[in-house]
Participant: 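Please find one structure pasted underneath; my questions will follow.
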Amino acid sequence: MDYNHRSIEQKWQKFWADNQTFKTSESTAKPKYYVLDMFPYPSGSGLHVGHPLGYIASDIFSRYKRLKGFNVLHPMGYDSFGLPAEQYAIQTGQHPAITTEANIKRYREQLDNIGFSFDWSREVRTSNPSYYKWTQWIFMKLFDAWYNKETDQAEPINTLIQRFESTGTIGVNAVSDEDVAVFTAEEWKTYDEEDQQRELLKYRLAYLRESTVNWCAALGTVLANDEVINGVSERGGYPVEQKKMMQWSMRITAYADRLLRGLDAVDWPEPLVEMQRNWIGKSVGASVKFPVPQLDTTIDVFTTRVDTIFGVSFVVLAPEHELVKALTTNSQYSEVEKYIEITSKKSELDRMADTKTVSGAFTGSYAKHPLTGEDVPIWIADYVLAGYGTGAVMAVPSGDQRDYLFAKHFNLPIIPISDSQNLEEAADPNKDGRYINSDFINSMTYDEAVPALIERLEELGLGKAKVNFRMRDAIFGRQRYWGEPVPVYFKNGLPYLIKEEELPLLLPEVDKYLPTETGEPPLGRAEGWKYQNEYEYELSTMPGWAGSSWYWMRYMDPHNNEAFASKEAMDYWKSVDLYIGGSEHATGHLLYSRFWNKFLKDLGYHNEEEPFKKLINQGMIQGRSNFVYRLLDEEGKGTNTFVSLGLKDQYNTIPLHVDVNIVHNDILDLEKFKNFRPDFAEAEFILENGKYICGTEVEKMSKSKFNVVNPDDVVEKYGADTLRLYEMFLGPLEQAKPWNTNGIDGVYKFLRKLWRLFHDAEGNFHVSDEDPSKAEYKALHKIIKKVEEDIERFSFNTSVSAFMICVNELTDLKCNKRKVLQDLIIVLEPYAPHITEELWTLLGNEPGTISYAAYPAFNPDYLVESEFAYPVSVNGKMKMNLPLALELDQKAVEETVLANVDVQRYLDGKPVKKVVFVKGKIINIVV
RNA sequence: GCUCGGAUGGUGGAACUGGUAGACACGCGGGACUUAAAAUCCCGUGACCCCUAAAGGUCGUGCGGGUUCGAUUCCCGCUCCGAGUACCA
């Protein structure tokens with residue numbers, strides 16, 4: 001019997017499930033290794049062929065690590081709260097839990113088909129109350145915590161209250177809202193309960209505050225910054241506007257510096273690290289105050305170029321800046337008013353698109369230059385963003401291009417400040433020269449000027465060195481149903497936590513999944529849903545990223561009811577050693593997870609500063625669409641005749657997407673095509689060489705383009721082992737690539753060849769107990785060495801090629817030796833677990849034990865070259881085979897070379913100038 | 001605009017610290033087996049020249065330079081493609 005992937009794979013998948021072969025425990029002397037996949041959101045359309053790419057890679061690595069003697073944690077679960085199930089619920093009325101459950105079932109079947117070695121006993125689902133109980137619990141800890149800048153870590157809020165009670169705000173160095181009060185201990189004690197709570201809210205790491213949020217009307221909810229891409233929502237692409245609302249936020253900015261520093265300690269792809277750095281956006285500079293005597297206040301600006309301060313010729317405020325109203329003089333009132341109105345009408349998108357037009361308005365007021373005391377005009381302009389820094393800038397036209405254009409447009413002075421500046425056409429921000437027109441820093445260099453200026457500004461109390469971050473606090477509430485309820489109730493408008501023992505706060509039933517008539521979130525519809533039948537619960541739910549920001553810790557101890565994970569489990573598994581997933585989570589999930597991880601560490605729940613030590617981004621698998629070309633008649637209407645790709649230019653045709661599943665190697669299956677759509681039943685074809693060749697294009701994989709390939713279909717036709725090998729064979733893991741099955745036959749052929757090598761014509765398993773020959777050992781040890789090297793550097797595609805070479809060599813040698821097969825099975829098992837498991841038991845081994853076999857040791861002796869001849873170039877160009885022993889000195893080489901007839905053809909009797917040795921071999925001869 | 005990737009045959013891709021470029025696979029061409037097909041196996045396959053016998057030669061990793069005995073690999077300058085980000089002061 002030939003290689004029958006269906007029966008083999010079903011048999012072993014059932015065996016692994018029945019015997020819990022991959023169940024992991026902590027009680028072992030083996031070293032641990034934690035391999036994690038980004039868990040999927042179970043969508044209604046199931047897995048397509050792109051999804052398993054990363055899972056296959058992680059599974060190969062997990063199986064390899066097990067063979068190498070590690071106790072491997074390799075779990076899987078579902079990020080099962082999310083928008084699509086809720087949108088579906090709105091349309092159909094079906095509870096999202098039911099939809100989600102059905103989708104998970106389908107996902108599980110599809111995953112099982114591929115033969116992953118997940119420990120399913122540790123499965124988590126973020127929408128399970130037993131899971132979100134702990135998401136809510138972590139929220140409570142965040143609510144009950146503040147960030148102490150002295151110790152550079154989060155602490156329970158009690159320690160802050162104690163300090164307020166003993167010394168007030170004196171000496172408290174905390175991350176907080178800007179508008180915190182300054183008080184003594186006595187004053188604190190005179191505050192009533194509500195005032196105290198109101199004040200504490202400004203310090204809590206999970207806090208409620210009126211803030212400007214990204215409001216997406218179409219989705220009926222607010223979105224975090226990372227969920228807004230180019231001014232539209234990441235999901236659905238709906239417009240997003242800025243709106244002021246009372247909102248839950250997470251004080252992630254408290255961790256900005258630690259999140260930045262931690263990036264040096266992780267082994268992540270450089271582009272991803274770069275994305276997080278940019279997102280955090282640390283700028284080192286100074287804050288400078290420009291006094292405004294008539295209002296008895298100052299305009300605070302942030303600058304990274306305090307050295308250019310003597311080049312300031314005006315100050316610009318964002319149109320939304322709070323001082324704009326007060327600063328506008330009567331004569332400028334209408335102009336400013338008009339400008340504000342125009343800019344406020346511009347959407348985020350317009351404002352981003354239109355960066356060339358210079359616009360602004362003069363307020364009519366002047367500020368004092370902090371060092372020269374001169375009057376500096378105050379303008380407003382929309383190129384200054386209210387949300388970054390202080391919403392005001394000092395404008396230096398000679399050093400900043402935007403200021404330069406603004407100055408040119410409005411005829412404001414451009415003051416050169418350095419002897420190296422060239423200001424004829426543009427601003428010149430170089431730091432190379434020495435300063436001019438700059439008072440006491442004249443003739444200084446950049447490095448001398450900055451400290452001198454900071455010192456002077458500090459003396460005057462008008463400025464100081466400052467670090468600014470681009471990252472904002474993360475909006476945490478969503479006006480949605482299908483998410484974790486926030487475990488908070490309101491008393492006199494102030495938020496209070498429910499008691500820990502009242503967790504989980506279950507998601508209540510509602511009649512519809514839409515906002516209430518009064519515009520409240522869907523939870524407002526839940527009847528009688530009140531804390532102690534009296535107090536209103538928080539009606540928004542947590543965002544999608546809440547449940548995914550700690551799930552890797554739950555896998556360590558998934559059934560614990562006393563803690564999110566026991567200390568023992570966390571001490572054992574520590575952090576994730578290898579994390580594989582897409583780069584689209586760079587500024588979302590991966591940042592939030594690091595934040596929560598650091599927070600939980602601060603409170604002493606575990607000891608790991610970073611959650612994911614090594615991370616690999618698998619590339620996206622794109623769709624590869626196929627096209628047929630429909631012949632058009634004279635009126636330009638589609639006929640029922642289709643022209644093959646090579647001939648289409650001779651006719652008038654239009655391309656049509658055709659289902660990739662009825663095309664093989666770009667050749668259309670004509671019968672299946674006739675069944676593809678009813679109107680194609682009578683289709684006729686203009687063929688080339690008797691075949692219909694389809695056109696192709698790489699596009700996103702989507703239903704509408706008929707280019708979605710379901711892994712189940714591939715498994716059915718070729719088997720899971722072929723799918724696994726082929727997805728790896730397709731190219732480097734990290735590279736984006738289109739899915740095509742053009743080469744899958746080659747991989748399938750390899751498995752059949754392997755199978756046949758150890759089966760006779762009747763299909764009986766047959767091995768020889770003879771000792772392998774030198775050549776057979778060489779073939780075997782080449783693959784042992786190669787696969788180990790490849791897996792360690794995540795180069796899975798080259799391993800697949802190496803396996804093919806190995807089996808070809810063994811086939812040529814007619815090698816069916818037991819000793820060869822035994823080791824080959826172990827090396828191949830991570831890639832093709834089913835066929836290897838079958839052969840393993842045919843060899844007489846206990847089923848399900850390959851994972852616990854020892855990885856075969858590579859023996860370099862088998863790879864020693866026996867031939868003496870090896871290629872040598874002359875003058876780096878010509879090549880010849882030089883039969884030489886190793887370790888000759890130059891003179892001996894020269895003599896040997898001169899005596900060699902083969903060499904003489906090239907050398908033409910010329911003397912040897914130089915001989916280049918590499919690793920004891922002659923590589924090149926210079927004459 | 002800025003940041004980071006990438007460019008190798010008809011195709012996907014190999015070449016790990018500079019050392020026989022094109023491994024492996026697909027596709028294509030030819031052949032064997034077969035009544036035939038499928039399956040399987042064998043040979044050829046970067047371009048060009050010469051030969052049409054063994055063999056041999058020239059060019060060739062996006063473009064132009066450089067370093068080196070030797071460059072797909074390192075350096076400088078460009079072109080094109082992809083990703084991220086975007087008035088961040």
Side-chain angles (χ1 to χ4, degrees), chain A residues 2 229-230 269-275 277-279 281-283 285 301-305 308 316 318 351-358 381-385 387-396 399-403 405-406 429 468-471 583-584 586-587 617 619-620 624 665-667 696 726 729-732 734-738 740-747 749-750 752-753 756 786 789-790 792-793 795 797-806 808 811 870-881 905 913-919 921-927:
Chain A
D2 211 2
I229 313 281
N230 289 332
E270 196 47 44
L272 200 114
V273 169
E274 207 50 38
M275 263 192 254
R277 279 207 188 102
N278 291 339
W279 188 261
K282 181 176 181 170
S283 313
V301 303
F302 174 73
T303 177
T304 53
R305 288 297 300 275
T308 63
V316 192
R351 220 163 135 165
M352 274 195 277
D354 182 22
T355 59
K356 289 202 180 78
T357 330
V358 177
D382 65 0
Y383 80 85
V384 175
L385 304 175
Y388 182 75
T390 57
V393 301
M394 60 179 221
V396 183
D400 183 285
Q401 184 59 19
R402 291 155 307 174
D403 298 344
L405 290 173
F406 197 84
N468 205 34
F469 290 95
R470 199 191 80 118
M471 185 168 65
S583 59
E584 66 272 19
T587 51
N617 291 129
M620 213 213 307
R624 185 173 181 279
N665 283 349
D666 295 336
I667 298 163
T696 64
Y726 186 60
F729 181 71
L730 220 42
E734 305 191 57
Q735 187 180 303
K737 51 207 165 248
N740 76 80
T741 50
N742 287 356
I744 199 165
D745 284 330
V747 173
K749 237 183 257 181
F750 151 73
R752 285 202 310 238
K753 243 174 153 169
R756 275 205 306 271
K786 173 79 178 150
E789 284 170 0
D790 283 350
E792 294 285 353
R793 66 192 172 104
S795 173
N797 55 328
T798 50
S799 283
V800 180
S801 294
F803 281 123
M804 292 180 186
I805 295 170
C806 178
N808 282 342
T811 304
Y870 58 89
V872 173
S873 62
V874 177
N875 287 345
K877 259 187 152 187
M878 290 163 282
K879 297 145 209 162
M880 58 191 171
N881 285 325
R905 290 171 59 186
K913 278 190 202 153
K914 188 180 170 189
V915 178
V916 183
F917 288 88
V918 172
K919 288 176 193 164
K921 277 185 179 182
I922 299 169
I923 290 295
N924 190 33
I925 296 167
V926 187
V927 296

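Proteins come first, then strands; the chains are lettered A, B, ... in the order of their sequence lines, and each starts at number 1.
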Participant: Who pairs with A:Phe406 by ring pair (Phe, Tyr, Trp, His ring centres under 6.0 Å), at least two apart in sequence or on another chain?
Facilitator: A:Phe314, A:Trp379, A:Tyr383, A:Phe410

Participant: Provide, to the nearest angstrom, the distance between the CG atom belonging to A:Asp745 and the P atom belonging to B:rC41.
Facilitator: 12 Å

Participant: Less than 4.5 Å apart, any side-chain heavy atom of A:Phe469 and any of A:Ser283?
Facilitator: no

Participant: Among residues at least two apart in sequence or on other chains, which ones pass side-chain hydrogen bond (donor to acceptor under 3.5 Å, both in side chains) with A:Glu584?
Facilitator: none

Participant: Applying side-chain hydrogen bond (donor to acceptor under 3.5 Å, both in side chains), name anything that partners A:Arg305, two or more places apart in sequence or on another chain.
Facilitator: A:Asp307

Participant: Hey, is the side chain of A:Lys753 poking within less than 4.0 Å of OP1 or OP2 on B:rU40, counting only N and O atoms?
Facilitator: no

Participant: Return the set of residues passing side-chain hydrogen bond (donor to acceptor under 3.5 Å, both in side chains) with A:Thr798 (not counting sequence neighbours), or none when no residue passes.
Facilitator: A:Asp790, A:Ser795

Participant: I'd like the C1' distance from B:rU20 over to B:rC33, given in whole Å.
Facilitator: 37 Å

Participant: Sequence neighbours excluded, which residues qualify as ring pair (Phe, Tyr, Trp, His ring centres under 6.0 Å) partners of A:Phe750?
Facilitator: none

Participant: Taking only the C1' atom of each, what is the distance from B:rG64 to B:rC80 in whole angstrom?
Facilitator: 15 Å

Participant: Contact class for A:Asp790 vs. all strands (heavy atom < 4.0 Å): base, sugar-phosphate, or nothing?
Facilitator: nothing

Participant: Just jot down the side-chain hydrogen bond (donor to acceptor under 3.5 Å, both in side chains) partners of A:Lys749, sequence neighbours excluded, or say none.
Facilitator: none

Participant: Under a cut-off of 3.5 Å for both distances of each Watson-Crick or G-U pair, what dot-bracket string does RNA chain B give, using [ ] for crossing pairs and | for inter-strand pairs?
Facilitator: (((((((..(((......[....)))((((((.......))))))((((......))))..(((((..]....))))))))))))....

Participant: For nucleotides B:rG56 and B:rU45, find the distance between their P atoms and express it as a whole number of Å.
Facilitator: 15 Å

Participant: List for me each residue that meets side chain to side chain contact (heavy atoms under 4.5 Å, CB included) alongside A:Pro732, sequence neighbours excluded, and say none if there are none.
Facilitator: A:Gln735, A:Asn797

Participant: So which protein nitrogen or oxygen atoms get under 3.5 Å of nucleotides 11-14 of chain B's nitrogens or oxygens?
Facilitator:
residue: B:rG12; atom: O2'; partner: A:Leu730; partner atom: O; Å: 2.9
residue: B:rG13; atom: OP1; partner: A:Gln735; partner atom: NE2; Å: 2.5
residue: B:rG13; atom: O3'; partner: A:Asn797; partner atom: ND2; Å: 3.4
residue: B:rA14; atom: OP1; partner: A:Asn797; partner atom: ND2; Å: 2.9

